[in-house]
Asks: 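I have a structure here, written as structure tokens, and I will follow up with some questions on it.
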Amino acid sequence: MKKKLVCALMCVAMVATTLVGCGSKAEDNTADNSAAQEEAPAAEAEEEAPAEETPAAEGTGKVYYLNFKPEQADQWVELAAQYTEETGVPVTVETAASNTYEQTLKSEMAKTDAPTLFQVNGPVGLATWKDYCYDLSGSELYAQLKSEDFALKNGDEVAGIAYVIESYGIIYNKTLLDEYCKMDGAVISSAADINNFATLKAVADDIQAKKDELGVLGAFTSAGMDSSSDWRFKTHLANLPIYYEYKDKGIGATDAIEGTYLDNYKAIWDLYLTDSTIDKALVSSATGEDAAADFANGDAVFYQNGTWAYNDCIAEGITDDELGMLPIYIGAAGEENQGICTGSENYWCVNKNAPAEDIQATLDFLAWCVTSDAGRDMIANQMGFLTPFKAFDDGYTPENPLIKAADEYIAAGKTAVSWNFASIPSETWKNNVGSALLEYAQGTGDWAAVETAFVDGWATEYAAANN
């Protein structure tokens with residue numbers, strides 16, 4: 001991510017001083033709609049203005065939102081109902097199951113009543129869906145953006161707009177870590193001492209050795225490779241070796257990853273497997289819910305996840321005072337100056353092939369979401385989203401200690417780790433890396449297979465995606 005994105009994030013952090021997720025590449029399925037449009041005679045096309053140029057009057061049409069984030073499914077349904085009650089405009093919200101968004105979107109877009117509002121994960125996702133994206137440059141949603149860095153461009157058009165800024169790292173239980181620090185022989189005196197991989201490993205190894213005395217099952221929650229959990233490692237953890245390679249080269253994308261930091265990837269993955277609440281032979285069936293339960297029940301000190309996990313933690317009885325977050329350290333040179341992984345892979349896109357009245361209804365709904373009291377309260381306070389929109393500066397910032405932790409690293413001069421996994425060439429690449437990680441964990445495969453999936457698989461998938 002460009003340096004200016006970090007600057008923009010710092011601006012967000014400074015404004016929100018009281019403060020404190022994944023789409024992917026799918027097969028190209030635009031042919032049917034494009035062909036249907038091409039069948040219309042040229043003369044007829046001249047007589048009828050394109051849908052996006054003739055928005056209907058306010059108060060007509062309907063909205064169908066295919067939501068990416070299951071953890072906010074109920075809240076989006078509630079907000080949609082509130083908007084319908086207020087305006088009379090029908091708003092339907094459907095949420096794809098975890099790790100199935102692209103295939104669900106592909107299926108829904110083939111229907112007569114296709115989504116009018118959907119999401120892409122960044123440039124790679126846009127490459128698949130760009131022929132469906134309405135130009136948002138004249139919308140109120142776009143006018144509300146604090147920075148162009150949060151606009152996803154297709155040439156001169158604004159094809160998508162990020163609606164949430166998120167951070168992820170190693171969430172930790174402050175109470176448990178403080179208890180460990182008071183134990184005889186503890187290798188640190190406070191969480192602030194953990195600023196590199198060597199120290200993180202020393203702490204985790206010591207906690208694992210003293211787990212019975214500390215009253216936990218392991219230093220880390222289970223590293224489950226069930227589909228509800230594997231994205232944490234085949235995508236979010238994989239971002240770290242990608243980030244450092246990009247950083248070395250001064251690039252933001254590549255057609256051929258070299259795997260310079262795959263030994264570092266192996267080191268952190270080994271740590272997650274060894275200092276865990278479960279035996280590594282069991283990771284194939286361990287779920288995201290299992291990891292969340294490990295953390296909520298106080299069975300683990302560390303939990304790789306992001307700011308979106310806050311509501312689940314609170315629902316399980318964890319208090320704000322117990323939550324902290326560390327960067328994910330992998331042993332890269334200079335990582336002492338590293339901050340939390342911060343960015344967005346959630347870009348709203350409006351379906352330009354929808355009826356004109358539905359396009360306008362969708363634009364109106366989005367404007368209401370980011371400017372009305374009801375919309376801002378739900379998005380900031382109930383969903384817990386930090387957004388890039390101007391209207392949220394006026395008292396609508398989430399009370400989320402994990403967001404505060406990310407901002408504190410920025411305020412301390414640390415460099416936020418950009419979300420480079422948006423440049424991963426395909427979902428197939430992720431799945432192949434995930435399968436190799438699982439085989440390695442279970443002892444049925446070696447690390448060389450992970451390296452092959454990571455490096456050779458990248459070149460293969462990039463070539464396939466770009467003809």
Side-chain angles (χ1 to χ4, degrees), residues 23 50-96 101 104-105 108-109 111-120 129 132-146 150-152 157-164 344 346-392 394 396:
E52 61 267 31
E53 295 179 4
T54 57
E58 184 177 355
T60 63
K62 61 185 182 299
V63 180
Y64 171 15
Y65 178 29
L66 184 61
N67 172 43
F68 171 79
K69 299 175 75 62
E71 57 268 33
Q72 278 81 33
D74 293 341
Q75 291 154 332
W76 275 115
V77 170
E78 181 181 341
L79 187 60
Q82 190 170 351
Y83 182 74
T84 298
E85 182 178 356
E86 181 176 317
T87 66
V89 176
V91 179
T92 300
V93 177
E94 297 291 343
T95 300
Y101 189 81
T104 302
L105 179 58
E108 291 300 297
M109 280 298 196
K111 297 179 179 179
T112 301
D113 291 324
T116 65
L117 178 63
F118 63 100
Q119 295 176 220
V120 298
W129 298 103
Y132 288 81
C133 296
Y134 178 85
D135 183 4
L136 297 169
S137 59
S139 68
E140 174 63 19
L141 185 71
Y142 179 67
Q144 282 291 326
L145 274 185
K146 294 179 181 179
F150 302 107
L152 188 60
E157 295 185 352
V158 177
I161 291 177
Y163 67 90
V164 55
S344 183
N346 296 282
Y347 292 84
W348 274 328
C349 301
V350 174
N351 184 0
K352 74 176 184 181
N353 298 323
E357 62 271 20
D358 293 351
I359 291 174
Q360 187 61 49
T362 303
L363 295 174
D364 293 340
F365 173 64
L366 289 174
W368 180 85
C369 284
V370 303
T371 59
S372 70
D373 288 345
R376 290 182 294 170
D377 177 67
M378 179 63 77
I379 290 173
N381 300 327
Q382 308 305 317
M383 299 183 190
F385 288 168
L386 179 64
T387 78
F389 302 115
K390 300 171 186 175
F392 284 75
D394 184 21
Y396 289 95

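Counting from 1, the numbers follow the sequence of the chain as shown.
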Asks: Search all heavy atoms of Pro90 against all heavy atoms of Gly61 and return the closest pair with its distance.
Replies: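 In terms of heavy atoms, the two residues are closest at CD-O, 3.6 Å.
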Asks: Whether the side chain of Asp358 engages the backbone of Lys62 through a donor-acceptor N/O pair (distance < 3.5 Å, no angle test) should be reported.
Replies: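 Flag set: sc Asp358 to bb Lys62 pair under 3.5 Å.
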Asks: Which distance, rounded to the nearest 0.5 Å, do you find between the CG of Leu145 and the CG of Leu136?
Replies: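 Output value for this atom pair is 9.5 Å.
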Asks: About how many Å separate OG of Ser372 and CD1 of Ile379, when rounded to the nearest 0.5 Å?
Replies: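 Answer for the CD1-OG pair, Ile379 versus Ser372, is 8.0 Å.
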Asks: Taking the side chain from Tyr101 and the backbone from Gln119, do they hold a donor-acceptor pair closer than 3.5 Å?
Replies: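 A pair under 3.5 Å: yes.
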Asks: Any chance you could measure Leu79, atom CG, to Gln382, atom CD, to the nearest 0.5 Å?
Replies: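 So the gap between those two atoms works out to 10.0 Å.
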Asks: Quick one: does any side-chain atom of Asn67 pair with a main-chain N or O of Glu94 as donor and acceptor, under 3.5 Å?
Replies: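 Checked: no pair found.
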Asks: If we ignore angles and hydrogens, is there a donor and acceptor under 3.5 Å between the side chains of Gln144 and Glu140?
Replies: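 Yes.
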Asks: Got Tyr64 and Glu108 here, is their nearest side-chain heavy-atom distance under 4.5 Å?
Replies: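 In short, these two side chains touch, coming nearer than 4.5 Å.
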Asks: What are the two closest non-hydrogen atoms of Tyr347 and Ala162, and how far apart are they?
Replies: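 In this case the closest contact between Tyr347 and Ala162 is CD2-N, 3.3 Å.
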Asks: Taking atom SG of Cys133 and atom CG of Leu152, what is their separation to the nearest 0.5 Å?
Replies: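 Answer for the SG-CG pair, Cys133 versus Leu152, is 7.5 Å.
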Asks: Would you check if Leu141 and Phe389 make a side-chain contact, meaning some heavy-atom pair closer than 4.5 Å?
Replies: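 When only atoms from C-beta onward are counted, Phe389 and Leu141 do touch, with a gap below 4.5 Å.
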Asks: Keeping Asn353 on the side-chain end and Tyr132 on the backbone end, is there a donor-acceptor pair under 3.5 Å?
Replies: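 Checked: no pair found.
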Asks: Are Trp368 and Thr87 close enough that some pair of their side-chain heavy atoms sits under 4.5 Å apart?
Replies: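 They are not in side-chain contact.
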Asks: About how many Å separate CG of Leu117 and OH of Tyr134, when rounded to the nearest 0.5 Å?
Replies: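 Output value for this atom pair is 13.5 Å.
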Asks: Tell me, do Pro115 and Met109 make a side-chain contact under 4.5 Å, heavy atoms counted?
Replies: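 Yes. Closest side-chain heavy atoms under 4.5 Å.
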Asks: I'd like to know if the side chain of Thr387 and the backbone of Val164 have a donor-acceptor N/O pair within less than 3.5 Å.
Replies: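 Pair absent, no side-chain N/O of Thr387 close to backbone of Val164.
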Asks: Quick check: closest heavy atoms across Pro70 and Ala96, and the distance to 0.1 Å?
Replies: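 Looks like CG-O, 3.7 Å.
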Asks: Any idea which heavy atoms bring Ala367 and Thr371 closest together, and the distance?
Replies: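 Distance-wise, the nearest heavy atoms are O-OG1, 2.6 Å.
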Asks: Flag the pair Val89 / Asp364 as yes when at least one side-chain heavy-atom distance between them is below 4.5 Å, and no otherwise.
Replies: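 No, too far: nothing below the 4.5 Å cut-off.
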Asks: Please find the pair of heavy atoms, one from Asn351 and one from Ala114, that lie closest to each other, and give the distance.
Replies: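 Scanning both residues, the minimum pair turns out to be ND2-CB, 4.0 Å.
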Asks: Kindly compute the distance separating CG (Asp135) from OH (Tyr142), expressed to the nearest 0.5 Å.
Replies: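 Nearest 0.5 Å value for the CG-OH distance: 9.0 Å.
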Asks: Quick one: sort the Tyr65 and Trp348 rings into parallel, tilted or perpendicular, breaks at 30° and 60°.
Replies: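 Aromatic pair Tyr65/Trp348 classed perpendicular.
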Asks: Are side-chain heavy atoms of Val350 and Ile359 found at a separation under 4.5 Å?
Replies: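 Of all side-chain heavy-atom pairs linking Ile359 with Val350, at least one is under 4.5 Å.
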Asks: Can you find a heavy atom in the side chain of Asp373 that is under 4.5 Å from one in the side chain of Arg376?
Replies: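 Yes, close enough: below the 4.5 Å cut-off.
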Asks: Please work out which of the three classes, parallel, tilted or perpendicular, describes the rings of Trp76 and Tyr163, given edges at 30° and 60°.
Replies: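 Because their plane-to-plane angle is over 60°, the rings of Tyr163 and Trp76 count as perpendicular.
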Asks: Taking the side chain from Thr362 and the backbone from Val63, do they hold a donor-acceptor pair closer than 3.5 Å?
Replies: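 It does not hold such a pair.
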Asks: Just so I know, are the side chains of Lys69 and Phe385 near enough to count as touching, which here means a heavy-atom distance under 4.5 Å?
Replies: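 In contact.
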Asks: Ignoring hydrogens and geometry, is there a side-chain-to-backbone donor-acceptor pair from Gln82 to Ala374 under 3.5 Å?
Replies: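 Flag not set: sc Gln82 to bb Ala374 has no pair under 3.5 Å.
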Asks: Applying side chain to side chain donor-acceptor pair (under 3.5 Å), name anything that partners Asn381, two or more places apart in sequence or on another chain.
Replies: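 If we apply the side chain to side chain donor-acceptor pair (under 3.5 Å) test to Asn381, skipping adjacent residues, the hits are Asp377.
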